Every structure is written in C-alpha cells, then in structure tokens.
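Heads up, the thing below is written out as structure tokens.
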Amino acid sequence: MVIVVDSSTLISLARSGNVDLVADSRLDFAIPDVVRDETVTTGVAAGYRDAGVIEKRLADLPRLPSVEMGDAGVLEAAAGADALVCDDIALGRRARSLGTAWLRTPDLALLLIRLGEIDASKGRSSIVALREAGRLDDATARSYLGELG
C-alpha cells in the first residue's frame, strides 16, 4: 500500500509530535518532491523547527517526482498511489475524484490501529496531540475519539 503524504499532514504530525506515525510504520509512505521542497527546503531556510523534525525523521522516505507545482504536483505524484493523506479538503476531494483514496491526518491513526501498527491508546494520544497543537478542532477531535470508544 503506497500512501502519499501532503505538506498539511507533515506539518500537523511535526507540530503534534506524531511524526513517528509515518517514520516508524511498515507502510509504504512517500513524499512528493513539491511537498518536500515546501515543508523541508523552504521551511529550514525560514527557520521553522517543524521543518527540521520532518527532515530528520522522514529523510529516508521515497521521493515522488512531479512536473507540476503546488496541488497539481501533489495530485500528479499521488496518481498511482493507494491513498493521499492531507487536510486540505479541496485537494482531498480532487484526489478522490481521480480514484485515489483520501485520508485526513487523524484517519492515519485509525488506519494504523486497524492494521495493528499502533494500539488504540497510541491512536487516542495522537488525536489528542493533534487537537492540543491546534491542528484539529474540538468537535472533530471528539468525533475521532468517539470512533475509538
């Protein structure tokens, strides 16, 4: 299963201390070059701490080349993937309409629980951390936590 990760998810994972969900997974995650340029190259140059975390923990993930820039480049890179993880609703819907499954960042925790990669406790703490980092609103966090029982 190839899962493409967008910048919104990388930033959410870094700010919430959840980069390990991707870094330590057995799943095949990949980052489009356009996303790596935005989150790492530009982020490090601007002095964003999140960029350093992303660069250090996810440096070994496969890179996906794209000719296009921005969202078009992400869609191009995700075209042959099983899923795209992003928090941008418009981008997610576009990916889904092109035949790629769309997951939001907290869906990633639920997927990893279902696949036995993390336990429900880790999933809960990941979602709480996303909320505390300001990457999920209260209602959305409660909804995801409700799915975990």
Side-chain angles (χ1 to χ4, degrees), residues 1-118 122-137 139-141 143-144 147:
M1 173 180 264
V2 176
I3 301 173
V4 174
V5 184
D6 184 42
S7 58
S8 59
T9 292
L10 291 177
I11 293 166
S12 291
L13 294 173
R15 289 189 181 169
S16 65
N18 282 319
V19 174
D20 60 318
L21 292 179
V22 171
D24 298 338
S25 176
R26 295 180 314 242
L27 298 178
D28 294 323
F29 287 97
I31 301 175
D33 283 339
V34 65
V35 169
R36 193 177 297 266
D37 289 345
E38 177 185 347
T39 58
V40 175
T41 307
T42 303
V44 168
Y48 293 122
R49 188 178 74 79
D50 301 340
V53 170
I54 294 165
E55 179 181 42
K56 182 178 179 181
R57 291 288 283 143
L58 304 177
D60 293 333
L61 289 184
R63 299 177 79 125
L64 297 174
S66 59
V67 174
E68 299 292 332
M69 298 302 295
D71 287 353
V74 174
L75 289 172
E76 177 186 359
D82 296 295
L84 170 66
V85 185
C86 74
D87 294 325
D88 180 317
I89 293 171
L91 179 59
R93 288 180 177 166
R94 287 174 61 200
R96 189 173 54 205
S97 72
L98 295 171
T100 301
W102 168 40
L103 303 171
R104 292 182 61 196
T105 302
D107 292 322
L108 183 56
L110 298 179
L111 174 65
L112 293 173
I113 290 168
R114 278 186 236 126
L115 294 175
E117 293 227 2
I118 62 172
K122 172 65 175 167
R124 273 190 220 72
S125 66
S126 298
I127 292 168
V128 168
L130 286 165
R131 173 60 195 119
E132 289 173 351
R135 301 303 285 186
L136 282 179
D137 61 53
T140 304
S143 176
Y144 278 99
E147 289 186 45

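Note that the structure is a prediction, hence the values are computed from the model and not measured.
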Testing the basics here: between [X] and [Y], what is the closest heavy-atom pair and its distance to 0.1 Å?
X	Y	value
Ser7	Thr39	CB-CG2, 3.2 Å
Val53	Ala14	CG1-CB, 4.3 Å
Gly70	Val34	N-CG2, 3.4 Å
Val44	Ala51	N-CB, 3.4 Å
Ile113	Gly123	CD1-CA, 3.7 Å

So do [Y] and [X] actually touch side chain to side chain, heavy atoms under 4.5 Å?
X	Y	result
Arg104	Thr140	yes
Leu112	Ser25	yes
Leu58	Val40	no
Ile11	Arg135	yes
Phe29	Leu108	yes
Leu84	Leu91	yes
Lys56	Val19	no
Trp102	Asp88	no

side-chain contact (heavy atoms from CB on, under 4.5 Å) between Leu130 and Asn18, worked out | CA-CA 8 Å; Leu130 286 165; Asn18 282 319; 3.9 Å; yes
Counting only N and O atoms by type, is there a donor-acceptor contact under 3.5 Å from the side chain of [X] to the main-chain atoms of [Y]?
X	Y	value
Ser126	Ala109	no
Asp87	Thr105	yes
Asp82	Val2	yes

Determine, for Lys122 against Asp24, whether the closest basic-nitrogen to carboxylate-oxygen distance falls under 4.0 angstrom.
->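 Asp24 and Lys122: not salt-bridged.
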Could you measure the distance from the [atom1] atom of [X] to the [atom2] atom of [Y]? Nearest 0.5 Å is fine.
X	Y	atom1	atom2	answer
Ile3	Ile31	CD1	CD1	12.5 Å
Glu76	Asp33	CD	CG	10.0 Å
Ser8	Leu10	OG	CG	8.0 Å
Tyr144	Leu136	OH	CG	7.5 Å
Arg94	Leu75	CZ	CG	4.5 Å
Arg15	Glu132	CZ	CD	15.5 Å

Chi angles and distances behind the side-chain contact (heavy atoms from CB on, under 4.5 Å) call for Arg36, Leu61 = CA-CA 10 Å; Arg36 193 177 297 266; Leu61 289 184; 4.2 Å; yes
Are Val85 and Asp107 close enough, and set up right, to give a side-chain contact (heavy atoms from CB on, under 4.5 Å), and what steps lead you there?
-> CA-CA 8 Å; Val85 185; Asp107 292 322; over 6 Å; no
Look at atom CZ of Arg96 and say whether more than 12 heavy atoms of other residues, nucleotides or ligands are closer to it than 6.0 Å.
->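 Count over threshold, so yes.
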